[in-house]
Amino acid sequence: MSYIAHFVEVQVEPTTRRIRMPRVVSVADCGRVVSPRTAVSQVRGGVVWAFGAALREATEVDPRFGGFLNNDLVDYVVPVNADIGEIEVDFINEPDPVANSVGVKGLGEVAMVGASAAIVNAIFHATGKRLRKLPVRIEHLLQVPIP
């Protein structure tokens, strides 16, 4: 019942094809915002989670034995502070009397779901190549001329 819009800016380095995300703007309609600090943290966490899903995190399985090759945080690549830029969060903050008497709606995974698509769309806008498999790796962009 909640809605969110993400606007993502990415930079793709022409020589290394390294993808940076310097800025994200997220605007959510989740009814009345009872705890602004918690709600902002929820959206920021969802954006970071989406960055990891879109560009970093993948479970690698050994095809010979079926075991996981990256079964701990040493080998499993997750986003770090250097990967994430500024995340601006705003809310419509209008109570929804249809949802419940307080007018609040959920703000859980809605923050992450659209952000992954927005990140990949920003990469398409920067490179001109539509990528449909996550996570996006540098090797997916090697054949693409970066302006």
Side-chain angles (χ1 to χ4, degrees), residues 1-63 66-96 99 103-147:
M1 293 177 34
S2 295
Y3 300 94
I4 193 163
H6 299 283
F7 305 91
V8 178
E9 177 184 335
V10 297
Q11 296 174 346
V12 181
E13 295 178 11
T15 54
T16 64
R17 302 301 199 262
R18 175 123 180 151
I19 300 167
R20 297 279 186 193
M21 189 176 70
R23 185 169 179 239
V24 177
V25 177
S26 299
V27 181
D29 179 7
C30 58
R32 180 189 312 249
V33 179
V34 177
S35 175
R37 179 182 285 183
T38 304
V40 167
S41 295
Q42 182 74 32
V43 174
R44 284 187 179 144
V47 170
V48 173
W49 181 23
F51 182 86
L55 301 175
R56 299 282 187 269
E57 300 178 34
T59 303
E60 305 293 338
V61 179
D62 184 353
F68 296 110
L69 296 172
N70 54 348
N71 58 358
D72 57 19
L73 289 177
V74 173
D75 300 320
Y76 191 83
V77 183
V78 295
V80 296
N81 284 344
D83 294 325
I84 308 298
E86 181 182 358
I87 301 173
E88 297 176 35
V89 179
D90 201 3
F91 299 99
I92 304 299
N93 202 9
E94 285 187 21
D96 184 0
V104 299
K105 297 191 279 187
L107 188 62
E109 293 181 354
V110 71
M112 184 270 190
V113 174
S116 295
I119 292 167
V120 176
N121 261 348
I123 293 169
F124 167 69
H125 184 71
T127 64
K129 181 169 184 181
R130 179 69 67 188
L131 301 168
R132 300 191 188 278
K133 183 179 177 197
L134 298 181
V136 174
R137 300 284 192 205
I138 291 173
E139 54 266 22
H140 299 145
L141 299 174
L142 287 177
Q143 312 303 327
V144 180
I146 305 296

**Message:** For His125 and Val120: C-alpha separation, side-chain torsions, deciding distance, then whether side chain to side chain contact (heavy atoms under 4.5 Å, CB included) applies.
**Reply:** CA-CA 9 Å; His125 184 71; Val120 176; over 6 Å; no

**Prompt:** Could you walk me through whether Lys105 and Asp29 pass the side chain to side chain contact (heavy atoms under 4.5 Å, CB included) check?
**Reply:** CA-CA 8 Å; Lys105 297 191 279 187; Asp29 179 7; 4.1 Å; yes

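Within a 6.0 Å sphere centred on OH of Tyr3, heavy atoms belonging to other residues, nucleotides or ligands number 12 at most. For Arg23, the CZ atom sits in a loose shell: 12 or fewer heavy atoms of surrounding residues, nucleotides or ligands are nearer than 6.0 Å. Within a 6.0 Å sphere centred on CG of Asp75, heavy atoms belonging to other residues, nucleotides or ligands number more than 12.
The shortest non-hydrogen separation linking Ser2 to Val110 is O-CG2, 3.9 Å. Of all heavy-atom pairs between Pro135 and His140, the closest is O-CE1, 3.4 Å. The minimum heavy-atom distance between Val104 and Ala99, with the atom names listed, is O-CB, 3.8 Å.
The main-chain N or O of Glu9 is never found under 3.5 Å from a side-chain atom of Arg20 such that the two would form a donor-acceptor pair.
The CD atom of Glu13 lies 8.5 Å from the CD1 atom of Ile138; values are rounded to the nearest 0.5 Å. Note that CD of Glu94 is 7.0 Å distant from CD1 of Ile92, once rounded to the nearest 0.5 Å. Rounding to the nearest 0.5 angstrom, the gap separating the CE atom in Met21 from the CD1 atom in Ile119 is 4.5 Å. To the nearest 0.5 Å, atom CG of residue Leu107 and atom OG1 of residue Thr38 are 10.0 Å apart. Between atom OG1 of residue Thr16 and atom CG of residue Leu142 there is a gap of 10.0 Å, rounded to the nearest 0.5 Å.
Looking only at side-chain heavy atoms (C-beta outward), Val61 and Phe68 come within less than 4.5 Å of each other. Residues Ile123 and Leu141 are in side-chain contact: their nearest non-hydrogen atoms beyond the backbone lie under 4.5 Å apart. With a 4.5 Å cut-off on side-chain heavy atoms, Asn93 and Arg32 count as touching.
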Which donor-acceptor pairs under 3.5 Å do side chains of residues 39-49 form with protein atoms, sequence neighbours excluded?
residue, atom, partner, partner atom, Å
Ser41, OG, Arg37, O, 3.0
Arg44, NE, Ile87, O, 3.3

Extract all donor-acceptor atom pairs below 3.5 Å that involve side chains of residues 50-60 and protein atoms in other chains or at least two apart in sequence.
residue, atom, partner, partner atom, Å
Arg56, NH2, Asp83, OD1, 2.9
Glu57, OE1, Tyr76, OH, 3.1

